[in-house]
Amino acid sequence: MNTFKPVKQLRASTEVGQQLKEAIFDGRYKAGDKLPSERELIDLFMVSRTVVREAVKILEASGLVEIRQGAMGGAFVKQVGYERLSDSCQDLLTMGKMSLPEIVQVRMLLEPQVARLAAKNCTAEQAAKLLDANQHENDTLEYPTTVFLRSQVHFVLAEICGNRCLEAISKSLLLLLRQNSITFEPPTDEIHPAGLHDKLVQAVVDGDEDRAEAEMRAHLEDFCERVAEVERKYKER
């Protein structure tokens, strides 16, 4: 019995968009580069203006290019980062397909290993950056700056760990929590009291992998409980 379905021909705009995407991924166009003008793309692909505009919109929707207006405008290649992963998770969060405590639980599975790797790989320069982030996390209690400051230690640890996949996932989850906690503004000391990172940071700076892993796990277990309670109290007010 035939289980295959007829193949539908790709829309021209999809094919143009795919070729441009491949050119970006191949490195022919790097972050900050301007793609060929609309007129040039029409001539290169031998398609209509409408097809080119649809193709560029596909790239923009994918977060690969930024459209700038004006005489010096056009489609410019964006730096691909962890924000794209965070945006995808945000859609699921908005639709009620996941919750903030669930995001913290995923962090509990990943970030103890991030802390262990950070303790293993931490250089003197990275240690100074980590200590600086911890020292300045209480500079203000004003939103949204306070949320940025009190999560910065985790961003630095992700960078230090030396695994780019772990770094991207960790940063995307951190960004997601940061964005959503800003929207309902719980009191800072309820969701993240001062000094929670002190023992963790010291363990990483000391190069103590076991202690760094244990401190991160303890920190996130406490933080998970706080997020669940704060979300219940403040998100729906």
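These values consider heavy atoms only, across backbone and side chains, with no hydrogens, waters or symmetry-generated copies. Not measured: the values here are computed from a predicted model.
- Put simply, the side chain of Q69 reaches to within 4.5 Å of the side chain of I67, judged on heavy atoms.
- The shortest distance between side-chain heavy atoms of L20 and L64 does not fall below 4.5 Å.
- Using a 4.5 Å cut-off on side-chain heavy atoms (C-beta onward), I160 and F155 make no contact.
- By the 4.5 Å heavy-atom criterion applied to side chains, N163 and E167 are not counted as neighbours.
- The two residues V156 and A133 come nearest to each other via the heavy atoms CG2-CB, 4.2 Å.
- Between R116 and the choices D210, N121, D208, the side chain to side chain donor-acceptor pair (under 3.5 Å) rule is met once, by D210.
- Using a 4.5 Å heavy-atom cutoff, the side chains of V104 and F223 are in contact.
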What donor-acceptor contacts under 3.5 angstrom involve side-chain atoms of residues 198-207, with partners at least two apart or in another chain?
residue	atom	partner	partner atom	Å
D198	OD1	N134	ND2	3.0
Q202	NE2	D206	OD1	2.9
D206	OD2	R211	NH2	2.8

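- Contact record, M216 with A115: CB-CB, 3.8 Å, taken as the closest heavy-atom pair.
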Would you check, one step at a time, whether the test salt bridge (charged side-chain N to carboxylate O under 4.0 Å, His left out) holds for R217 with E213? CA-CA 6 Å; R217 182 171 290 107; E213 180 180 347; 3.3 Å; yes

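- Hydrophobic clustering (ILVMFWY, side-chain heavy atoms < 4.5 Å, transitive): Y29 and V56 are in one cluster.
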Which is it for L59 and L35 under the side chain to side chain contact (heavy atoms under 4.5 Å, CB included) test, yes or no, and what are the steps along the way? CA-CA 11 Å; L59 296 182; L35 293 183; 4.0 Å; yes

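- Among residues two or more places apart in sequence or in another chain, the salt bridge (charged side-chain N to carboxylate O under 4.0 Å, His left out) test is passed with R107 by E111.
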Verify salt bridge (charged side-chain N to carboxylate O under 4.0 Å, His left out) between R28 and E22, making sure each step is shown before the conclusion. CA-CA 9 Å; R28 282 174 275 167; E22 290 174 359; 5.3 Å; no

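- The only option from Q126, H154, K171 that meets the side chain to side chain donor-acceptor pair (under 3.5 Å) definition with E159 turns out to be K171.
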Could you check E137 against V153 for side chain to side chain contact (heavy atoms under 4.5 Å, CB included), going step by step and ending with a plain yes or no? CA-CA 8 Å; E137 68 178 13; V153 160; 4.1 Å; yes

